[in-house]
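Working notes, beginning with the structure itself.
Model, not experiment: these values are computed from the prediction.
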Amino acid sequence: MNLWKKATRNRSLLTRVLIGITTLIVSLGAYYSYRTVRGVMLDSLKSNALQGLEQGGEDIDSWLLSLKVHLETLSNTNVIESMDWAAAEPYLKSEVLRFSDVYAVEIAYPDGQSYVLGGGSDNIRDRDYFQTAIAGETAIADPRFSPDNGTPTIDVSAPIQKFLDHGSTPSGVIHSMIRLDRVGYVVDSVQYGDNSYAFALDSAGNIITHSGGEAFADGAAHQQLSSQDNELGAIAQQMIAKRRGIDLIAINDEPSYVAYLPLEEANWSVGLVIPQANIESQLRALDTIAVIALSLAGMMILVLWQVQAFEQKQLKKANDTLEKSVAERTTELSETLQKLQQSQIHLVQNEKMSALGNLVAGVAHEINNPVNFIHGNLTHLGNYAQDLVGFIKCFQQHYPDPAPDIQAEAEEIDLDYLQIDIFNVLASMRLGTDRIRQIVLSLRNFSRLDEADYKDVDIHEGLDSTLLILQHRLKAKPDHPEVKVVKQYAELPPVQCYPGPLNQVFMNILANAIDALEECPQQPPNSPVEDWMPTITLATSMVDGQSVRIAIADNGPGISEDNRQKIFEPFFTTKAAGKGTGMGMSISHQIVTQRHGGQLDCCSQPGKGTTFTIQIPAVRP
């Protein structure tokens with residue numbers, strides 16, 4: 001009996017030991033699983049917080065890149081490359097008006113002498129941004145205060161190199177001063193829960209902007225490097241060193257996560273301060289489970305199973321969240337890239353139209369001078385010819401029987417015919433010079449470089465000038481008949497508009513109409529007219545006495561409904577590859593709707609032609 005009790009006690013002790021060991025192993029396993037899951041979830045939450053900051057950084061980088069692209073585009077234009085301030089100043093004024101962020105623009109010569117738009121001259125040879133640009137590199141400097149009105153500004157500078165020769169020594173520097181408001185707006189929008197705030201540091205550790213209330217201040221820039229908090233100073237050192245990460249530190253005795261990353265387009269960094277609770281509050285459920293697991297050691301196996309199941313669930317949730325975030329970021333990046341490409345194409349298109357206007361005006365000017373000289377001298381030449389013919393007739397009247405040599409020479413040159421035909425030749429020359437002067441006038445009317453941007457113009461004059469420029473495409477060709485133009489002009493008052501861009505709209509629509517007619521040299525299918533002739537009709541009218549309507553119609557093959565609904569979308573074209581960029585109608589729609597506050601509509605049916613209707617206010621609202 002005693003042996004049985006002893007054996008029973010031994011078995012009980014062994015059982016307790018086994019239970020204790022099992023419980024310890026299960027507890028250690030549960031604790032290890034808890035720490036693992038918590039670490040994985042915390043890393044995922046920190047990564048999500050860093051991704052939120054990345055979006056703000058990418059927004060600032062996209063804005064800074066657009067500023068660089070804009071300034072580099074300006075530096076490559078002929079008027080800027082000429083380094084002629086008198087010619088460049090009015091051109092730069094129009095560019096400043098198009099970009100609300102741009103505060104001022106200046107051009108500097110290699111010796112540092114600069115001319116500021118709307119101001120005087122200065123020497124900026126000792127400025128860092130000038131030295132960087134004159135060395136051949138586009139740069140964005142740290143923020144500073146404008147000496148004129150104390151406005152916080154960013155200096156963007158680019159070298160001016162003729163003929164896009166980036167290996168040559170710059171002939172000067174173009175420099176724009178940009179308002180700091182956009183950076184502050186983006187930083188204010190970056191948050192991660194309550195009491196979180198973002199900030200940005202420049203290359204020296206100065207706070208550029210701070211959504212928590214502090215901002216860049218003249219003469220008293222808050223420098224995080226000099227902070228009495230050693231941990232804040234260490235974070236600033238990491239940011240100046242262009243590093244990326246997220247660390248837990250104590251700020252004002254409150255533990256907070258600080259996420260930071262460098263910008264690509266400037267030597268700056270952005271940071272985001274997040275209270276520890278905003279991130280770790282999402283781990284409370286896991287902490288509760290861990291406490292219950294440690295308290296109920298006897299049920300550790302069940303708790304371990306629950307922890308493992310919870311781990312798998314949380315890992316799957318974190319993975320799904322990460323995949324969703326990646327997909328959203330990919331979509332946003334694609335949209336941003338498309339917008340950037342569209343902005344670049346708009347800039348290139350505007351520069352091409354400006355260059356075309358300069359070329360047209362220059363050619364018209366160069367042709368106009370000699371033609372006017374010839375045209376003016378034709379009158380004198382006619383008088384001289386009249387005098388010479390009269391003298392010959394007088395000579396023939398008094399000497400009816402000239403010497404044989406004179407008689408032979410008169411017959412050789414057919415003197416009688418020459419006296420008659422010389423006036424026909426002069427009349428033909430006068431008709432030709434009149435025609436050239438009319439073409440030159442149309443070219444000047446189309447370019448309108450010598451007129452104000454917004455003024456009263458004759459819409460019919462712009463249409464006629466555009467038609468004259470396209471006249472060579474309207475003529476008959478071996479494989480296509482002549483394109484007939486029908487004008488149905490109404491009585492219109494002078495219209496307040498931007499004549500140059502509006503002429504560009506006329507050019508795009510008329511050129512597309514001619515392209516459509518050239519694509520169907522025979523009668524279009526489903527056309528109701530038996531004797532079809534390619535025709536473009538231009539009709540103008542007043543609407544309610546306040547707006548002007550211009551309708552440009554063709555009787556070509558028309559446009560399908562699916563294509564008609566996408567006709568004003570960027571990069572959409574119905575033309576074959578290599579024959580169109582898909583930007584003409586998109587830019588035309590922007591000119592009519594945004595710049596003129598009007599409407600541009602397209603109405604078309606397959607086989608019945610296409611009509612584009614432009615309606616703009618007659619008086620600027």
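Applying the side-chain hydrogen bond (donor to acceptor under 3.5 Å, both in side chains) criterion to Arg127, with sequence neighbours excluded, gives Tyr129. Residues passing the side-chain contact (heavy atoms from CB on, under 4.5 Å) test with Ala139 are Thr132, Ser157, sequence neighbours excluded. The side-chain hydrogen bond (donor to acceptor under 3.5 Å, both in side chains) search around Asn278 returns none, not counting sequence neighbours. Looking at residues two or more places apart in sequence or on another chain, you find no salt bridge (charged side-chain N to carboxylate O under 4.0 Å, His left out) involving Glu323. For Tyr109, there are no ring-ring contact (aromatic ring centres under 6.0 Å, His included) partners two or more places apart in sequence or in a different chain. Remark: Glu328 engages no residue in a side-chain hydrogen bond (donor to acceptor under 3.5 Å, both in side chains) (not counting sequence neighbours). When the salt bridge (charged side-chain N to carboxylate O under 4.0 Å, His left out) test is applied to Glu332, the partners found at least two apart in sequence or on another chain are Arg329. Partners of Thr138 under the side-chain hydrogen bond (donor to acceptor under 3.5 Å, both in side chains) rule, at least two apart in sequence or in another chain, are Glu72. For Asp155, the salt bridge (charged side-chain N to carboxylate O under 4.0 Å, His left out) partners at least two apart in sequence or on another chain are Arg144.
Asn508 places no side-chain N or O within 3.5 Å of a backbone atom of Met585 that could act as its donor or acceptor partner. A distance-only check finds no donor-acceptor pair linking the side chain of Ser196 to the backbone of Gln191 [under 3.5 Å]. With hydrogens and angles ignored, the 3.5 Å screen pairs no side-chain donor or acceptor of Asn267 with any backbone N or O of Ser203. Between the side chain of His596 and the backbone N or O of Ile591 there is at least one donor-acceptor pair closer than 3.5 Å.
Residues Leu67 and Ile154 fail the side-chain proximity criterion, which asks for heavy atoms closer than 4.5 Å. Counting heavy atoms from C-beta outward, Leu502 and Ile616 have side chains that approach closer than 4.5 Å. Considering only heavy atoms from C-beta on, Phe612 stays 4.5 Å or farther from Val505 through its side chain. Here the side chains of Gln113 and Ser121 are in contact, with some heavy-atom distance below 4.5 Å. For the pair Ile160/Ser75, a side-chain contact is recorded, criterion being any heavy-atom separation below 4.5 Å from C-beta on. Side-chain contact between Gln55 and Asp59: present, with at least one pair of heavy atoms (C-beta onward) separated by less than 4.5 Å. Between Ile80 and Leu92, some side-chain heavy-atom pair lies under the 4.5 Å cut-off. Considering only heavy atoms from C-beta on, Tyr257 stays 4.5 Å or farther from Leu45 through its side chain.
Atom CD1 of Ile251 sits about 8.0 Å away from atom CD1 of Ile235, to the nearest 0.5 Å. With values rounded to the nearest 0.5 angstrom, Gln238 atom CD is found 13.5 Å from Arg244 atom CZ. In this structure, Tyr192 OH and Leu272 CG are separated by 9.5 Å, a value rounded to the nearest 0.5 Å. Between Leu64 atom CG and Leu263 atom CG the span is 7.0 Å, to the nearest 0.5 Å. Distance CD/Gln599 to NE2/His589: 9.0 Å, rounded to 0.5 Å. Residue His70 holds its NE2 atom at 7.5 Å from OG1 of Thr73, rounded to the nearest 0.5 Å.
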Item to complete: Could you walk me through whether Val270 and Val186 pass side chain to side chain contact (heavy atoms under 4.5 Å, CB included), step by step?
Response: CA-CA 11 Å; Val270 291; Val186 174; over 6 Å; no
Item to complete: List the steps, then state whether side chain to side chain contact (heavy atoms under 4.5 Å, CB included) holds for Tyr260 with Leu201.
Response: CA-CA 10 Å; Tyr260 49 90; Leu201 297 184; over 6 Å; no
Item to complete: Please report the C-alpha distance between Val173 and Ile124 in whole Å, then the side-chain angles of each, then the deciding distance to 0.1 Å, and finally whether the side chain to side chain contact (heavy atoms under 4.5 Å, CB included) criterion is met.
Response: CA-CA 10 Å; Val173 169; Ile124 59 172; 5.7 Å; no
Practice prompt. Please test Leu71 against Ile174 for side chain to side chain contact (heavy atoms under 4.5 Å, CB included), starting from the C-alpha separation and ending with a verdict.
Written response: CA-CA 7 Å; Leu71 198 62; Ile174 182 170; 3.8 Å; yes
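Atom CZ of Arg179 is surrounded by more than 12 heavy atoms from other residues, nucleotides or ligands within 6.0 Å. Within 6.0 Å of CG in Asp247 there are more than 12 heavy atoms belonging to other residues, nucleotides or ligands. The number of heavy atoms from other shown groups lying within 6.0 Å of CG (Asp84) is above 12.
Applying the salt bridge (charged side-chain N to carboxylate O under 4.0 Å, His left out) definition to pairs two or more places apart or across chains, none involves residues 105-116. Sorted by first then second residue, the salt bridge (charged side-chain N to carboxylate O under 4.0 Å, His left out) pairs that include residues 500-511, not counting sequence neighbours, number zero. Residue pairs meeting the side-chain hydrogen bond (donor to acceptor under 3.5 Å, both in side chains) criterion with at least one partner in residues 43-52, sequence neighbours excluded, are Gln51-Ser325.
Of all heavy-atom pairs spanning Ile140 and Glu265, the tightest one is CD1-O, 3.6 Å. Listed here is the closest heavy atom pair of Pro170 and Ala133: CG-O, 4.1 Å. Of all heavy-atom pairs spanning Leu180 and Pro143, the tightest one is CD1-CG, 4.2 Å. Here the closest heavy-atom approach between residue Ala200 and residue Val187 is recorded as CB-CG2, 4.4 Å. For the pair Ile178 and Trp63, the tightest heavy-atom approach, listed with the atom from each and the gap, is CG2-CZ2, 3.4 Å. Taking every heavy atom of both residues into account, Gly245 and Leu50 meet most closely at O-CD1, 3.7 Å.
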